[in-house]
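Notes for the one structure printed next.
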Amino acid sequence: MSLIVIVDDRVTNRNIFTKLAASIAEDVIVHSFGDPVEALAWLEFNTPDLIVTDFKMPHFDGAELIRRFRQIPKAADIPVVVITVYEERSFRLRALEAGATDFLHSPVDHHEFVTRARNLLKLRHQQVLLESRADSLEKKLEDSERTRVHALRDSRERLAQVIDTLPVMISASSAGGDVLFVNGQQAGFTGIDPVAVIGAPVAMLFGEEQGARHCALDRMVVETGKALPPYEEEITGKDGEKNIFLTTKSPLRDPAGGVSGILTSSLDITARKKIEAHLRHLAQHDSLTGLPNRGLLLERMRSLIVRARRGDQRFALHMVDLDGFKAVNDRLGHSGGDRFIQMIGARLSGSIREHDTLARIGGDEFALLQTHVVNGEDAAEFAGRILATVAGCSGFEGAPLRATCSVGIAMHPDDGADPETLLKNADFAMYRAKAERGNGFSFYEADLHARARRDAALDTDLRSAIQNKEFILYYQPQIDLATGAIFGAEALLRWHRPGAGIVAPGAFLGRAEENGLIVAINEWVLREACREAKTWLRPDGKALSVSVNMSPVQFQKRNVPLLVANALAESGLDARRLDLEITEGVVLKDFEAVAHDLRKLLDLGVKISIDDFGTGYSSLNYASRLPVNRLKIDQSFVRNLQSETNDAAIVRAIVTLGHSLGLRVLAEGIETAGQLAAMRAEGCDEAQGYFFGRPVPAEEFRKIAGVSVMAARGRQSAAG
């Protein structure tokens, strides 16, 4: 068994690291502590195989914890991993001087945590195995020495055979710096003669430069009498290839307890380092285009900001959003749209300078980081080149497409002193360019009066939209995975804005929530959805249900049960056919009041679903405490289900949780047959997404669902 100790004063971190550590192997035992003092007291009488500790903790930090731990007998060569958010070199040096083995940067990548912990455990087990075998064989040698000389020689040969079979390079040197032993693994890798090298200087094993370093480290072991923490080094093999090894040095003692030599063992971790580099690339790059993602963009912006403070250099952030990309997806399909995005990314990448950065933020949105900017004219010229590059992509795979884009520009430091602010302001400027019919660029305006005027204009248009009945509902089919039949639809709001066409809710709902108009809009959506769903009766008599999203603002008015009851009464819709979708934002301010309203809704017969489940910190808490009927898995987990093991594990956990609570589970965002098959395999009950159908107007949905309005109304009249 392997014993892992977690030391972190934050409960959430301890829980996460404990689960990650336990997932390494079935025989792993994990002990966690929130107090380093308590952990040290326990470690006085227990010997772990690996310690994972936070750096910043109460009482004393991770470096002091390691220093005190290394003073415990038999603790000198136990690997210790330090987790820290600090980038400063001084923190790492303190931890290294105290005896740290490795570092992980917070927030921790789960794959990297498991990979590093597994390799350190493997090295630890090999060290223990080696020491155990050596102790056992040395005892046999001592017994044999008292009986027969040939038994001693036989035991030594067996010891050498055991050491030769280990997949680790092992050598022993004297306190004076001469080679005493080299195992077969090291001889095979370096191409040396294991017999001829005995008695030669240690430098012969590693070369002059690296040999000098090994001699210095050997002297440190002799002087301190303690093992050195494992460290990484490059060693060149006989074929000239450089491999990366994790090396440890431990003292060899004579019968009197003095240090007579040094045992050096090196584990080849080249494959692990390649995996780590690959994982870092995946974590920092977009999987579709291979371009830097949002995380890497933010990292490079932070570096530019630091350099700008030293050299007073300016840079510009250009947010680029393709105009009318929905039409491209509609014409070419999802895979064709992906190829179009790849082409745009390749063209933009080829048009920028080496020291600039192009990133894909998501969907059809890119960001370009322009360095060495003198003034706004430089940024405007750069934006013009972006527009020209995208316009040059018109025509794709034989389709006569007209490609244009909208560009928003934010300048550092004028429009923001940190990456997040610059991103937000560039995004705001991009939406303004898009609102001006696209195919152009716009600088961020810091003038609050100008923004207030735009908000006031939107407020006026929204009030007119309510009065003039400009809102319409689209419906997206929801599928029962057991039968493959449509059982209902989600009602999705659209605005038929004069002069702008059909507008998605993302362009106006945020403002509607700020000015309070969301209440009137939400009430209209509820009444209209109930009225429409009342007519959804198939010729076979089966009725379809409708799902309606509820705003947190609506619940703050504390009239949701009455509003729903009135909508049901006006429409005549059976309450069991209405499903209200809420997000965790609904319960953030007053959990008990919302739970009370939900229980009243359930008493009416209405069903309740938690939307975007799994994206919040308290999703598990809400699911177990709120009176709900269904969980909707957020599409972000479904999108990468087949390629990301973490997302697959989250989906599996949500399905298991939902079924254990007696809830139905619906997966959002199903776009491919592979995703559908995977969700069925995970035991999901229901699904919706582009694979089954896009949101469509009511009349088109009725055709898709096989609902005859006249037949439905006639059936109702006959029943009356």
Side-chain angles (χ1 to χ4, degrees), residues 10 12-13 55-56 83-92 104-109 280 283-286 291-321 348 352-353 355-363 365-380 382-383 386 406-434 441-452 454-455 506 510-511 514 585 615-617 636:
R10 287 171 290 184
T12 300
N13 287 353
F55 189 90
K56 184 69 174 178
I83 297 177
T84 177
V85 298
Y86 299 110
E87 294 284 353
E88 288 84 357
R89 185 167 176 266
S90 60
F91 289 100
R92 292 177 176 266
L104 284 172
H105 192 265
S106 180
V108 173
D109 181 276
R280 280 195 299 272
Q284 295 180 332
H285 291 78
D286 171 54
L291 296 172
N293 60 14
R294 181 187 181 93
L296 184 53
L297 175 70
L298 289 171
E299 182 179 319
R300 292 185 179 177
M301 288 174 68
R302 293 188 189 100
S303 298
L304 281 177
I305 289 171
V306 172
R307 290 202 294 270
R309 289 171 185 163
R310 294 196 297 260
D312 196 29
Q313 295 179 353
R314 304 180 71 191
F315 64 87
L317 177 65
H318 301 255
M319 294 296 289
V320 181
D321 189 87
L348 287 174
I352 63 174
R353 300 168 298 182
H355 44 73
D356 295 330
T357 297
L358 169 66
R360 184 183 180 222
I361 304 301
E365 192 171 10
F366 297 85
L368 287 99
L369 197 56
Q370 178 191 8
T371 59
H372 306 306
V373 177
V374 177
N375 49 39
E377 286 76 12
D378 285 350
F382 190 86
I386 295 173
S406 300
V407 182
I409 308 169
M411 305 280 290
H412 176 273
D414 303 338
D415 300 329
D418 60 87
E420 289 76 12
T421 301
L422 287 167
L423 274 173
K424 179 187 68 176
N425 292 341
D427 206 46
F428 181 83
M430 180 270 292
Y431 277 111
R432 195 181 71 170
K434 190 169 286 291
F441 64 86
S442 174
F443 282 88
Y444 171 70
E445 289 184 5
D447 185 357
L448 296 179
H449 295 292
R451 186 183 303 178
R454 288 193 296 273
D455 288 345
R511 182 59 191 168
E514 292 178 9
T615 59
Y617 290 107
S636 62

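Please read all numbers here as calculations on a predicted model, not as lab measurements.
- For N425 (side chain) and F428 (main-chain N/O), no donor-acceptor pair under 3.5 Å exists by modelled atom type.
- For Q370 against A379, the heavy-atom pair with the smallest separation is OE1-CA, 3.4 Å.
- Not a single donor-acceptor pair under 3.5 Å links the side chain of D415 to the backbone N or O of L422.
- Here the CZ atom belonging to R300 is positioned 12.0 Å from the CG atom belonging to L298, to the nearest 0.5 angstrom.
- Between the CG atom of L296 and the CG atom of D286 there is a distance of 11.5 Å, given to the nearest 0.5 Å.
- Scanning all heavy atoms of the two residues, the minimum distance from I305 to A417 falls at CD1-O, 3.6 Å.
- For the atom pair CG (L304) and CZ (R314), the distance works out to 13.5 Å, reported to the nearest 0.5 Å.
- Of all non-hydrogen atoms in A433 and S442, the two that sit nearest each other are CB-CB, 3.8 Å.
- For the pair S106 and I83, the minimum side-chain heavy-atom distance is below 4.5 Å.
- Note that CD of Q284 is 7.0 Å distant from CG of N293, once rounded to the nearest 0.5 Å.
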Worksheet item: Would M319 and I361 satisfy side chain to side chain contact (heavy atoms under 4.5 Å, CB included), going step by step from the backbone distance to the final call?
Response: CA-CA 9 Å; M319 294 296 289; I361 304 301; 4.2 Å; yes
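- Remark: I352 CD1 to I386 CD1 distance equals 9.0 Å, nearest 0.5 Å.
- Note that OG1 of T371 and CZ of R353 are 5.0 Å apart. Values are rounded to the nearest 0.5 Å.
- Shortest non-hydrogen contact noted between H285 and P292 is CD2-N, 3.7 Å.
- Heavy-atom minimum distance, A316 versus I409: CB-CG2, 4.3 Å.
- Within the 3.5 Å criterion, the main-chain N or O of L423 finds no donor-acceptor partner in the side chain of D427.
- No donor-acceptor distance shorter than 3.5 angstrom exists from the side chain of R294 to the backbone of G362, with no hydrogens or angles considered.
- Considering F366, F443, F382, Y444 as possible partners of H318, the one that fulfils the ring pair (Phe, Tyr, Trp, His ring centres under 6.0 Å) test is F382.
- Paired with M430 under the rule side-chain contact (heavy atoms from CB on, under 4.5 Å), one option of V407, V320, D321 passes, and it is D321.
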Worksheet entry | Derivation of the side chain to side chain contact (heavy atoms under 4.5 Å, CB included) call for L369 and L317 | CA-CA 5 Å; L369 197 56; L317 177 65; 4.1 Å; yes
